[in-house]
Amino acid sequence: MAERDIRERDILVAPNEYAYVQDLTKGDIVLYVGPTKISLSNTERMIILRDGRFVPVRGDEAGLGVHKFVAASSSQYIILENPPQDPDDKPVKGANSAIPLRFGRKVVVPGPAEFPLWPGQRAQVIDGHELRLDQYLVVRVYDDMGDGEPIGTEHIICGTDVSFYIPPSGLEVVPNRNGSYVRRAWRMERNKGLHLRVRAPFEVGPAAQVPEGRYLAGQDIFLRDREGMFFPSDNLDVVGEVAPIPLAENEAIYARELGTGKLTTVEGPVNYLVDPTREELVTRRLDERRAVLFRLDTDSRDPNRAWSIYVPPSTAVMITAKNKREVVSGPQTRILHYDEELEVLTLSTGRPKSDEELLPTCFLQVQGNKVSDLVRVKTSDHVGLEILLSYRVSFVGDSERWFNVKDYVGLLCDHLGSIIRAAARTSSIETFHGTSTDILRTAILGARGDDGEREGRHFKENGMWVYDVEVLDVRILDQDVERMLQEAQRMAIVSAITRRQEELRLGDENLKESVNREIYGAQMETLAKAAEHEAVSRTVELARIGTIIERDRLDKIGRAEHEAEADAIRSRARLEIADREAGLAREALAARSAAFREQMEALQPELIATLKGLAGQQLAGALSKNLSPLAILGGESVAEVAARLLDRLPLGSKSGPAADIQGILGLVPSPDQGESA
């Protein structure tokens, strides 16, 4: 094997670390405890314990085969599975051969502790359990501890006894559903209860968590009206906490005593605490039919509550039981006991009223009730009629009689229909058609008394009282008779309307003429006042115009005079200014002329000499430039050529421009030069 491969097979194990190496030829597992170096041969490999089996470690994961020591501080403990058969077997630094283990056993090693694990061992480090006064632990026996307690026995460790707990070997702390070990004791409040169950027989004296006495296994105990903390014991389990049932006003529940089976209705307002050892809640099933009849809302109603019936104003219900009947008038809310029901009325429906289709109801409207019906009658001259009526009904007297008749609508309509038919048979069609309302009201309600009121119709059967009748419609069944009555009635109506219209038209005309006269008189007074006002206005206007004209004339004259005077003053001022300006201009011109003359006189000799000199220089330059070729050709000087040319010019005497040019060129002296010479 190459040196590089050997180095890659070397694994360092630091202090407080360990690793497992397996011999591939024998299967033995060796524990290496650091600090040490593991040099793996071709027949060895590193392994780890995973899910109860030893599995090899891949070459690129060699570091995963090295583990830290299992360590626990003084506030922790270690649950060690498969401890060594000989407790004195301790691993040493370097290689350690495997030792026999007690498989299936586990021990508790309290901290502080630190050690490696032999091959096949597992360990779990758990924090010690801190307990407050309102906390407790549940511990279970998992191994024989030598005291005879069977495995699985549970004990309660209360925070009032210990504040910190580490279990000894043979006991384990049982976690709850959330994985937490520490549990909170049950808090007892005066408005709540605690339901307990005895796990094993025991006997307690005073000053215990439960009342004094002897208890048998399976017995239930209920604690109420207490304050403080309750800790479950080896003999007691907490079945659950019982909260009170809040009952508002007009709310109730049904409770049954377990011993006697008696049902009780508990009504609010109260917070009722059910004792599960003596009683139980009972729910009364509400079917759809009763829900409709009793006007109970099944959606918002709590099914555990008793039936609560609301009776509206001017309404009554009858509550029935096996041995009682009670009428309840609204507005009121009534709680029904478990054996109570509501009396159901079945009322006739339709027009005319019939019992073919009955309307069930539990609520009787005792005031302002309205019942309509259609009655067919015949008059004394055998004319058939249909009368649509509306009865106003109330219930008076003893309320016990109100529900004696199941179908009070049928009784009412049948009896009053007979009276109406008898009254119609005594009248002709013409009479009945004109005074049907009065005939029917008198027949049903009786004649008017001295006070103008009618007595009404009373029914002794159920205390029903008809105090008013409205005739909504009277229809004649024979169309020919109806047409004749309509024609006669129409003619009478037309005649009455025509007469009334003429009377109204006469009154309108009289009123119109009277109004016109009043209007004309008022207009005349208005015109007179207007003429008077116009005259005064004209006088005032003329005076105002004259004043305006005079003021304008005076204003214009004054302005003209002021303008003429101002123009004269301005003309004189302009003339004086012009004279002064002219004198100043003459004086300035004379001064400038004198000054110019003096300047010219002073500059004339020098100016002439200067101009002559400048002219001679320019001419000499021009001649020199143009005569140089001639002088070169003739072998003469430029002066000689120029002299010859100038002599031929008709320039006259030796003085003047020619003499000046010659003087400039140096041919002859100029007059100035001669004088200077």
Query raised in the report: Is it the case that more than 12 heavy atoms not belonging to R226 sit under 6.0 Å from its CZ atom?
Result: yes
Query raised in the report: Do the rings of W307 and F294 sit parallel, tilted or perpendicular, given the 30° and 60° boundaries?
Result: perpendicular
Query raised in the report: Rounded to the nearest 0.5 Å, how far apart are OG1 of T264 and OH of Y338?
Result: 13.0 Å
Report task. Look up atom CD1 in I309 and atom CD in Q332, then write down how far apart they are to the nearest 0.5 Å. Result -> 12.0 Å
Requested in this report: Could you point out which residue of K370, R441, R454, R392 forms a side chain to side chain donor-acceptor pair (under 3.5 Å) with D468?
Outcome: R441
Query raised in the report: Okay, side chain of R305, backbone of A252: is any donor-acceptor separation there less than 3.5 Å?
Result: no
Query raised in the report: Do R325 and M318 come close enough that some side-chain heavy atom pair is under 4.5 Å?
Result: yes
Query raised in the report: Short question: side chain of D381, backbone of I429 - any donor-acceptor pair under 3.5 Å?
Result: yes
**Report entry** Point-to-point distance, once rounded to the nearest 0.5 Å, from CD1 of I335 to CD of E249
**Finding:** 10.0 Å
Report task. May I have the step-by-step check of side chain to side chain contact (heavy atoms under 4.5 Å, CB included) for E227 and R187, ending in yes or no? Result -> CA-CA 7 Å; E227 292 182 344; R187 181 187 176 189; over 6 Å; no
Query raised in the report: Would E503 and R500 pass as an ion pair if we require N to O under 4.0 Å?
Result: yes
Query - Over 12 foreign heavy atoms within 6.0 Å of CG, D450 - result: no
**Report entry** 4.5 Å side-chain heavy-atom contact, L342 and I319
**Finding:** yes
Query raised in the report: Can you tell me if E189 uses its side chain to pair, donor with acceptor, with the backbone of N191 under 3.5 Å?
Result: no
**Report entry** Residue pair T431 / S428, side-chain donor-acceptor N/O under 3.5 Å
**Finding:** yes
Query raised in the report: What heavy-atom pair brings V274 and F222 nearest, and what distance separates the two atoms?
Result: O-CZ, 3.7 Å
**Report entry** Candidate pair R538 and E541, rule salt bridge (charged side-chain N to carboxylate O under 4.0 Å, His left out), full reasoning
**Finding:** CA-CA 5 Å; R538 185 166 53 251; E541 185 66 19; over 6 Å; no
**Report entry** D552 (side chain) donor-acceptor with I548 (main chain) under 3.5 angstrom
**Finding:** no
Query raised in the report: Relative to Y310, does R295 satisfy both conditions: NZ or CZ under 6.0 angstrom from the six-membered ring centre, and within 45 degrees of the ring's axis?
Result: no
Query - Heavy atoms from other residues, nucleotides or ligands near CD of E455 exceed 12 (cutoff 6.0 Å) - result: no
Query raised in the report: Do the non-hydrogen side-chain atoms of S495 and R499 ever get within less than 4.5 Å of each other?
Result: yes
Report task. Say whether, by atom type as modelled, one donor and one acceptor occur between the side chain of T315 and the main chain of P313 under 3.5 angstrom. Result -> yes
Report task. Verify whether one side chain among T435 and D438 offers a donor that lies under 3.5 Å from an acceptor in the other. Result -> no
Query raised in the report: Any sub-3.5 Å donor-acceptor pair from T426's side-chain atoms to A423's backbone N or O?
Result: yes
Requested in this report: Answer yes or no: does atom CZ of R289 have more than 12 heavy-atom neighbours from other residues, nucleotides or ligands under 6.0 Å?
Outcome: no
Report summary line: In short, T298 meets A291 closest at the heavy-atom pair CG2-CB, 3.6 Å
Query raised in the report: Take atom CD in E357; do more than 12 heavy atoms of anything else shown fall under 6.0 Å from it?
Result: no
Report task. Report yes if the side chains of L358 and T349 come closer than 4.5 Å at any heavy-atom pair, otherwise no. Result -> no
Query raised in the report: Any side-chain heavy atom of R290 sitting closer than 4.5 Å to one from D287?
Result: yes
Requested in this report: Go through the steps to decide whether I253 and E267 satisfy the test side chain to side chain contact (heavy atoms under 4.5 Å, CB included), and finish with yes or no.
Outcome: CA-CA 7 Å; I253 57 173; E267 299 185 11; over 6 Å; no
Requested in this report: Given side chain to side chain contact (heavy atoms under 4.5 Å, CB included), test Y408 with N462 step by step and report yes or no.
Outcome: CA-CA 8 Å; Y408 74 88; N462 59 349; 3.4 Å; yes
Report summary line: N271 and P244 have their tightest heavy-atom pair at CB-CB, 4.0 Å
Report task. Please check if the side chain of D355 supplies one atom and the backbone of S348 the other of a donor-acceptor pair under 3.5 Å. Result -> no
Report task. Could you check K322, K324, R284 and say which one makes a salt bridge (charged side-chain N to carboxylate O under 4.0 Å, His left out) with E340? Result -> K324
Query raised in the report: So, for V311 and S329, which heavy atoms are closest and what is the spacing to 0.1 Å?
Result: CG1-C, 4.1 Å
Report task. Would you indicate whether the side-chain heavy atoms of M464 and L412 approach each other to under 4.5 Å? Result -> yes
Requested in this report: State whether E257 and K262 are salt-bridged, where the test is any N-O pair (Lys NZ or Arg NE/NH1/NH2 against Asp/Glu carboxylate O) under 4.0 Å.
Outcome: no
**Report entry** Sole candidate of W465, Y467, F395 that passes ring pair (Phe, Tyr, Trp, His ring centres under 6.0 Å) when paired with H458
**Finding:** W465
Query - Check: V383 main-chain N/O paired with T379 side-chain donor or acceptor under 3.5 Å - result: yes
Report task. Find the distance between CG (L575) and OG (S571) and round it off to the nearest 0.5 Å. Result -> 8.5 Å
Query - Pairs involving residues 508-535, ordered by first then second residue, that meet side-chain hydrogen bond (donor to acceptor under 3.5 Å, both in side chains) (sequence neighbours left out) - result: none
Requested in this report: Among residues two or more places apart or on two chains, list those pairs meeting salt bridge (charged side-chain N to carboxylate O under 4.0 Å, His left out) that have a residue in residues 394-414.
Outcome: E343-K406
Requested in this report: For the pair V375 and R421, evaluate side chain to side chain contact (heavy atoms under 4.5 Å, CB included) and give the outcome as yes or no after the intermediate values.
Outcome: CA-CA 8 Å; V375 182; R421 283 188 287 271; 3.8 Å; yes
Query raised in the report: Checking S380 side chain against S427 main chain: does a donor-acceptor pair fall under 3.5 Å?
Result: yes
Query - Non-hydrogen side-chain atoms of E241 and W186 separated by less than 4.5 Å - result: yes
Query raised in the report: Taking E251 for the side chain and A248 for the main chain, is one N or O donor matched with an acceptor at less than 3.5 Å?
Result: yes
Query - Minimal non-hydrogen separation, L345 against V405, with atom names - result: CD2-O, 3.9 Å
Query raised in the report: Just wondering, do L477 and L385 contact through their side chains at under 4.5 Å, heavy atoms?
Result: no
Query raised in the report: To the nearest 0.5 Å, what is the distance between CD1 (I577) and CZ (R572)?
Result: 12.5 Å
Query raised in the report: Which pair of non-hydrogen atoms, one from L281 and one from I245, has the smallest distance, and what is that distance?
Result: CD1-CD1, 3.4 Å
Query raised in the report: Roughly how far, to the nearest 0.5 Å, is the OG1 atom of T361 from the CG atom of L347?
Result: 6.5 Å
